[in-house]
There are 2 protein chains.
Amino acid sequence: MLKRLNKYSNILNMKKKTTIKDIANVLKITPSAVSRALHNHPRISDKTKEAVKKVAKELEYQPNQLASALRSGKSKLVGVIVPRTNSYFFSSVVENMEEELNKKGYNVIFTQSNESYDKECRNIETLLQTQVDGIIASLTNETVDFSHYEKIKAKEIPLILYDRGDNDIGVDYIGIDDYKSSHIVVDHMVAQGCKRIAHIAGYRHTRIYNNRIRGYIDALEKHNLPLEKELILEGDLTVEGGRQKMKELLKLPKRPDGVYAAGDYAALGALQVLLENNVKVPEEIALVGFSNEPFTSLVTPAISTIYQHNEEIGKLVAKQFLKREKDKTWKPKLNKIILDAELIVRASSKKKN
Amino acid sequence: MLKRLNKYSNILNMKKKTTIKDIANVLKITPSAVSRALHNHPRISDKTKEAVKKVAKELEYQPNQLASALRSGKSKLVGVIVPRTNSYFFSSVVENMEEELNKKGYNVIFTQSNESYDKECRNIETLLQTQVDGIIASLTNETVDFSHYEKIKAKEIPLILYDRGDNDIGVDYIGIDDYKSSHIVVDHMVAQGCKRIAHIAGYRHTRIYNNRIRGYIDALEKHNLPLEKELILEGDLTVEGGRQKMKELLKLPKRPDGVYAAGDYAALGALQVLLENNVKVPEEIALVGFSNEPFTSLVTPAISTIYQHNEEIGKLVAKQFLKREKDKTWKPKLNKIILDAELIVRASSKKKN
DNA sequence: ATTCTTTGTTCAAACGTTTGAACAAAAGGG
DNA sequence: CCCTTTTGTTCAAACGTTTGAACAAAGAAT
């Protein structure tokens, strides 16, 4: 539309993109001077700096990150691997991560592993090919072999894990204390008067779910509650999974009076089954979930759940990356930052006021 | 741990990264031959190709995308702008987009505008700096000025809009027919016996919400239902927003017998208020939402809603990009692909069986 | 006035790949 | 057997930036 004609318009229209060279030509100086001027190199006079910046703006100069990255070896790109995005937890973590990294001039390349080990491997492959300056990842539930992460370490770029990590990878990790979270949940349920607490658990081979199971078991013991095998039901933590497990629990000769689900979706499935069977929640059976997915506060009765400080995790991960990126001498080693989770008590587990 | 010693181990350990040059040195050929061999250039003999690929694997060669991108002018990166990720609609769109693009060797750089016009501008800036091969975007609710999109068009890289677009930008657009969707909703509600249908609407200045309002109005007319000003309530479509608007509706001397909310969160808020006031849903007031957020099927009663073919939109957007990317001669022009939305009827609007 | 520093800039190489053109050798055609 | 075509490879430049080293000019110190 408005084709502003200025004294450089010929250059503007001819060349596709303005480069540092074009600026140099206009000012009759060398590209190196221009580069230095744009980076505020101390040895460049204020006069040239100003002139360069003015022309740069007029020519609508946009630095070519690719060229810069190639030469300097820094792409200013951070690769992020997310198991899945259609989970509130992950999307809010990523959101905050991105924000923090953007502030420092990094862009985020974002890939989904979709809980598939193969995809995770390919993700790493492509991220490395794209010459990212670092990788931030959360393992899929399937992942038990970590050799592909060695590649990242071999490249000597920062690797930060969050939420789902593993000690064996031996790098920075940020997440919550799942073991302790289970304690918090059980403590609360006991305080509400529960005597038989069931656990709809995730698969034990996933570290975080295993920790939740261990925490649950130890917490029961702490309260001198008997541990009953049939009250621990491992499975995938989908709504359907939760429904199945809840049905099994209702069939027991002696029903539990509290259910702790290791995931909100499973908790929701359980709640549906409870309501369908006219079981009063929380009076007859109290219910607690895990993750604070938005719907937990929206259903009736609202589901008590564990809040994992999504935002903080995202920010901390970003900060940890920036720290590692700065310190060239850092050699990766296991370094866990564990946040205490927070129980959000809602109607589904409030037997007493 | 296991440091496999092979005949190239010296090279492996010395150099940080294997380049095309290293392969060339090993085989006593030139880098260009290696490059061509890796790309299956017809002029390279099968013998050399094999040899090159073998050595490449042994040296754990990883192409440097940056260098390749710089030389060839193709970064194999697609920039995606999402208004927000913590919405099921967007995350499933993005998920499918990514999958489709990955198949064709493209990586996705992903940025969130967080519904902020400023952020959107900065997003575009950084994506262009990163030399993406194209941009896929959905406008924020704030966006009414489109000059920043001209920059993308000026670079002559494909620009595809989805869900929230604008005719004035004059490019490819993929989304659903909001106007028609409202018709579908109203038709359904009328069929269920509703005579006074209220509309909890989004702000009219957003194209899609305006279209939903227009569709609602015209559909009422079609069914010879009187249009009543107080039954259209514009607002932000949050849970809280929905609650407010529903409360207002309940205060009316003559209550509606159906509520069509232009967003699921608002519908949920409305539902909460209805239940709190012991209004029977759908018997006294039927309820329909928009977007098919997961929770709509999870609450009781389940909320009827409009399903926007999230997966298909994601895939179509990706395909459209790939098409434009292939055809160098294409000049951007307005080209809309409109999908029919689908009403998912659930308990909240089923007055009749 | 001579030497030493500081200041402002240029030179040239480098990052790792791609690619048009050139070239030699082998194969095909008459 | 000479000429043309095909095949397989090399040469060298290019993509746009950054950066150590070099250098000239000006200012400071002696």
Side-chain angles (χ1 to χ4, degrees), chain A residues 11 15-53 55-56 59-77 105 128-133 155 157, chain B residues 11 15-53 55-56 59-77 105 128-133 155 157:
Chain A
I11 297 170
K15 302 248 178 183
K16 324 237 141 188
K17 296 167 188 185
T18 8
T19 76
I20 224 168
K21 256 184 174 171
D22 300 323
I23 303 179
N25 283 338
V26 170
L27 293 172
K28 307 284 177 221
I29 56 175
T30 60
S32 15
V34 175
S35 171
R36 291 201 160 97
L38 290 172
H39 288 86
N40 281 320
H41 191 283
R43 284 287 194 78
I44 296 287
S45 68
D46 290 347
K47 197 182 52 170
T48 355
K49 278 180 190 166
E50 256 175 63
V52 165
K53 282 172 188 166
V55 176
L59 293 183
E60 289 178 15
Y61 168 70
Q62 284 215 325
N64 183 331
Q65 293 255 33
L66 252 40
S68 157
L70 180 59
R71 174 62 235 247
S72 66
K74 296 275 106 195
S75 65
K76 287 285 181 180
L77 246 35
L128 290 180
Q129 279 188 22
T130 318
Q131 311 291 120
V132 292
D133 287 348
K155 284 235 177 184
I157 58 175
Chain B
I11 298 169
K15 301 244 175 182
K16 322 236 140 191
K17 295 168 191 187
T18 14
T19 75
I20 223 168
K21 255 185 173 169
D22 299 323
I23 303 180
N25 284 338
V26 170
L27 293 173
K28 305 288 179 221
I29 54 175
T30 61
S32 15
V34 175
S35 171
R36 292 198 161 99
L38 290 171
H39 287 85
N40 281 319
H41 191 284
R43 286 285 193 78
I44 296 287
S45 68
D46 290 348
K47 198 182 53 177
T48 354
K49 277 180 190 166
E50 257 176 62
V52 165
K53 282 172 188 168
V55 176
L59 293 184
E60 289 178 17
Y61 168 70
Q62 286 214 323
N64 184 331
Q65 294 254 34
L66 251 41
S68 157
L70 179 59
R71 175 62 236 247
S72 67
K74 297 274 104 194
S75 65
K76 287 286 180 179
L77 246 36
L128 290 180
Q129 279 189 23
T130 316
Q131 310 292 118
V132 291
D133 287 347
K155 284 236 178 184
I157 58 175

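Just so it is clear, the structure is predicted and the values come from calculations on it, not from any experiment. Letters A, B, ... are given to chains in the order of the sequence lines, protein chains preceding strands, and every chain is numbered from 1.
- With hydrogens and angles ignored, no donor-acceptor pair under 3.5 angstrom links the side chain of B/T19 to the base of C/dC15.
- Atoms CD1 (B/I23) and P (D/dT10) sit 14 Å apart, rounded to a whole Å.
- In terms of position along DNA chain D, the nucleotide closest to B/I44 lies nearer the 5' end than the nucleotide closest to the other residue of the pair A/I20 and B/I44.
- Between the CG atom of B/L70 and the P atom of D/dT18 there is a distance of 12 Å, given to the nearest Å.
- For the atom pair B/T19 OG1 and B/Q62 CD, the distance stands at 13.0 Å (nearest 0.5 Å).
- With a 4.5 Å cut-off on side-chain heavy atoms, A/L66 and B/S75 count as touching.
- Atom CG of B/L66 is separated from atom P of D/dT18 by 13 Å (rounded to the nearest Å).
- One can place NZ of B/K21 at 13 Å from P of D/dC11, the figure rounded to the nearest angstrom.
- Position along DNA chain C of the nearest nucleotide to A/A67 versus A/A33 favours A/A33 as the more 5'-ward residue.
- Rounding to whole angstrom units, CD of residue A/Q129 and C1' of C/dT17 are separated by 13 Å.
- With contacts defined as side-chain heavy-atom distances shorter than 4.5 Å, the pair B/I157/B/L128 qualifies.
- What separates CD of A/Q65 from P of D/dC15 is a distance of 19 Å, to the nearest Å.
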Could you go through B/K76 and A/Q129, starting from their C-alpha distance and side-chain angles, then the distance that decides it, and tell me whether this counts as side chain to side chain contact (heavy atoms under 4.5 Å, CB included)? CA-CA 11 Å; B/K76 287 286 180 179; A/Q129 279 188 22; over 6 Å; no
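- Side-chain N/O atoms of B/S32 include none lying less than 4.0 angstrom from OP1 or OP2 on C/dT17.
- Put simply, the side chain of B/R71 and the base of C/dT18 share a donor and an acceptor less than 3.5 Å apart.
- A straight line from CD of A/Q62 to C1' of D/dC15 spans 17 Å, rounded to a whole angstrom.
- Within residues 34-43 of chain B, the residues having any heavy atom under 4.0 Å from DNA chain C are, by residue number, B/S35, B/R36, B/H39.
- Atom CG of A/D133 is separated from atom C1' of C/dC15 by 14 Å (rounded to the nearest Å).
- With sequence neighbours excluded, the residues forming a side chain to side chain contact (heavy atoms under 4.5 Å, CB included) with A/D46 are A/K49, listed by chain and number.
- Distance from the side chain of A/N64 is smallest for D/dT17 among the nucleotides C/dT9, D/dT17, D/dT9.
- When atom types are taken as modelled, the side chain of A/H41 and the backbone of A/R43 share a donor-acceptor pair closer than 3.5 angstrom.
- Between B/L38 and B/Y61 the shortest heavy-atom distance is CD1-CE2, 3.6 Å.
- Taking only side-chain nitrogens and oxygens, B/S68 never comes nearer than 4.0 Å to OP1 or OP2 of C/dT17.
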